[in-house]
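None of the values given here were measured: they were computed from a predicted structure.
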Amino acid sequence: MPLPIVAIIGRPNVGKSTLVNRLAGDQHAIVHDEPGITRDRTYRLSFWQNRDFQVVDTGGLVFEDNTEFLPLIREQAMTALNESSVAIFVVDGKTGPTAGDHEIASWLRQQPVPVLLAVNKCESVEQGAIQAAQFWELGLGNPYPISGIHGSGTGELLDDLITHLPHPKKLTSTNEINVAIIGRPNVGKSSLLNTFLGKKRAIVSPISGTTRDAIDTVVERSGQNYRLIDTAGIRRKKNVEYGAEFFSINRSFKAIRRSDVVLFVIDAIDGITEQDLKLANRIIDEGRAAVILVNKWDAIDKNSYTIYEYKTRIFSRLYFMEWSPIIFVSAMTGQRVDKVLSLVKSSAEEHCRRVSTAVINEVLQEAVSWHSPPTNRQGKQGKIYYGTQVSTQPPTIALFVNDPKRFNDNYRRYIEGQFRQQLGFPGTPIRLLWRGKKVRDIEQTVNRATRV
């Protein structure tokens, strides 16, 4: 599947090519203080966090036909917009909103793709917010003050951008599922890999730190391929010395980022440690699906109640990962190891699952009817206008509200709990984006979602 495309749109000489160079990390686009330098659309590779995409640079848009090139430039810009997943509308923060900006904004509001407003040339942090605030009048939502030259503000812009991108990989039965085996040193990660394979693929030793490289091995179960990535045990940061261990742990973190599902291995003897909590937070921050494996279960004295008591004890500390399936295994004896990959597959499918906008709003309507949004001291109540799923891996739902500040943490957890209760998503984190919108912006968003 080709990479998603981001179109860079704007008037001449507002700094579109400078921004493209910033996003692509090089200086291939010609930048010169003269309008009309860029005419054809050019494609450049870019990435942010764990997402790859293409940015397409377009010529400056002018709707007055006073040269032979302008109709062709508009045609190129329109072509770029039609094939894009999202557009960045670049304006000049120093000159402020112009008639040309209003004309382009009006045109962009008629297009089916989401538009992010980047206010360029805001080099001053203090003045940037003031410069950007002028562009609210364009009716395109939050204006991001940025500097294409220095890169300031582009991080916040890209954080929002990637929520609009379709994931470049759709999970099918023929695709590999990347599975990172993560945990503290000596919890049995390499032993689990060997048990999956039925042979000694990784060195197993009671000495912590035996595994240095992230080891990739592909196995097949019921027609599905799994790429298992054994990683180095991750110790507390203060105990890590610069050298081989430092680089091996960095590879482990990269393995989490390139995985679809993380097998989070916990030592049944030690229980949940502070380092386990930090690793769990790392998995969630990366937005990975996860299955919790409690290893060395054969070493625990147990009765018919032990597994339930142990599960309760684990989730009392990992309460923020109650969505993750948990399985008690023994790499030594092979107990329940054959059931792990089926949990991995179901978690990967949930990680990619998309729910229709109609269903999301049914859940929201019922949730609000049972528990109304809070009211602040001034008597102003929060309102949820609309919700829609904007991306997968992890499932991400944007909620458009009158003011995000009116929704406290308790109410946000309540809404997330309602989504969990009604929609499930076992095995994957879900993200809620609380967006402040005016009513007219909501109507435009609804219309765009309907067209898409």
| query | Between Arg184 and Asp276, is there a salt bridge with N-O shorter than 4.0 Å? | reply |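 Answer for the salt bridge query: yes.
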| task | Identify whether the distance between the nearest side-chain nitrogen and carboxylate oxygen of Arg435 and Asp160 falls below 4.0 Å. | result | yes
Would a distance-only check, ignoring hydrogens and angles, find a side-chain to backbone donor-acceptor pair under 3.5 Å from [X] to [Y]?
X	Y	answer
Asn120	Gly148	yes
Gln389	Ser391	yes
Arg288	Glu286	yes
Arg22	Ile149	yes
His164	Val113	no
Ser330	Thr333	yes
Asn295	Met332	no

Taking atom [atom1] of [X] and atom [atom2] of [Y], what is their separation to the nearest 0.5 Å?
X	Y	atom1	atom2	result
Arg406	Lys380	CZ	NZ	5.5 Å
Phe407	Tyr414	CZ	OH	12.5 Å
Leu293	Phe328	CG	CZ	10.0 Å
Arg336	Leu343	CZ	CG	11.5 Å
Ser46	Gln54	OG	CD	10.0 Å
Arg221	Gln224	CZ	CD	11.5 Å

So [Y] and [X], do their side chains get closer than 4.5 Å, heavy atoms only?
X	Y	result
Asn225	Ile177	no
Val90	Ile88	yes
Val179	Asp260	no
Trp297	Ile307	yes
Phe264	Leu318	yes
Val261	Tyr226	no
Leu158	Phe53	yes
Leu161	Trp48	no

Going by atom types only, do [X] and [Y] share a side-chain donor-acceptor pair under 3.5 Å?
X	Y	answer
Asn142	Trp136	no
Arg353	Thr392	no
Glu350	Thr428	no
Thr357	Thr388	yes
Asn303	Thr306	yes

| Any side-chain hydrogen bond (donor to acceptor under 3.5 Å, both in side chains) pairs touching residues 310-323, not counting sequence neighbours? | Glu274-Arg317
Do you know the tightest heavy-atom contact between [X] and [Y]?
X	Y	answer
Gly93	Cys122	CA-SG, 4.4 Å
Val14	Val91	CB-C, 4.2 Å
Ser147	Thr154	O-CG2, 4.4 Å
Gly382	Pro373	O-CB, 3.1 Å
Pro394	Pro429	CB-O, 3.3 Å
Leu432	Arg412	CD1-O, 4.3 Å

| task | Go through the steps to decide whether Val340 and Ile327 satisfy the test side-chain contact (heavy atoms from CB on, under 4.5 Å), and finish with yes or no. | result | CA-CA 8 Å; Val340 171; Ile327 186 169; 4.3 Å; yes
| Ser324: what forms a side-chain contact (heavy atoms from CB on, under 4.5 Å) with it, not counting sequence neighbours? | Ala290, Ile292, Met321
| message | Pair Leu433, Ile397 - check side-chain contact (heavy atoms from CB on, under 4.5 Å), show working. | response | CA-CA 6 Å; Leu433 306 176; Ile397 299 171; over 6 Å; no
| said: Would you say the rings of His371 and Tyr411 are close, in the sense that their centroids are separated by under 6.0 Å? | reply: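 When the ring centroids of Tyr411 and His371 are compared, they turn out to be within the sub-6.0 Å range.
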| Chi angles and distances behind the side-chain contact (heavy atoms from CB on, under 4.5 Å) call for Ile266, Ile272 | CA-CA 7 Å; Ile266 293 170; Ile272 301 294; 3.3 Å; yes
| request: Test side-chain contact (heavy atoms from CB on, under 4.5 Å) on Val355 and Phe425 and set out the steps. | output: CA-CA 10 Å; Val355 178; Phe425 287 114; 3.6 Å; yes
| task | For Phe320, look at atom CZ and say whether over 12 heavy atoms of other residues, nucleotides or ligands are found less than 6.0 Å away. | result | yes
| note | Residue pairs meeting salt bridge (Lys or Arg N to Asp or Glu O under 4.0 Å), one or both in residues 291-309, sequence neighbours left out, come to Asp267-Lys296
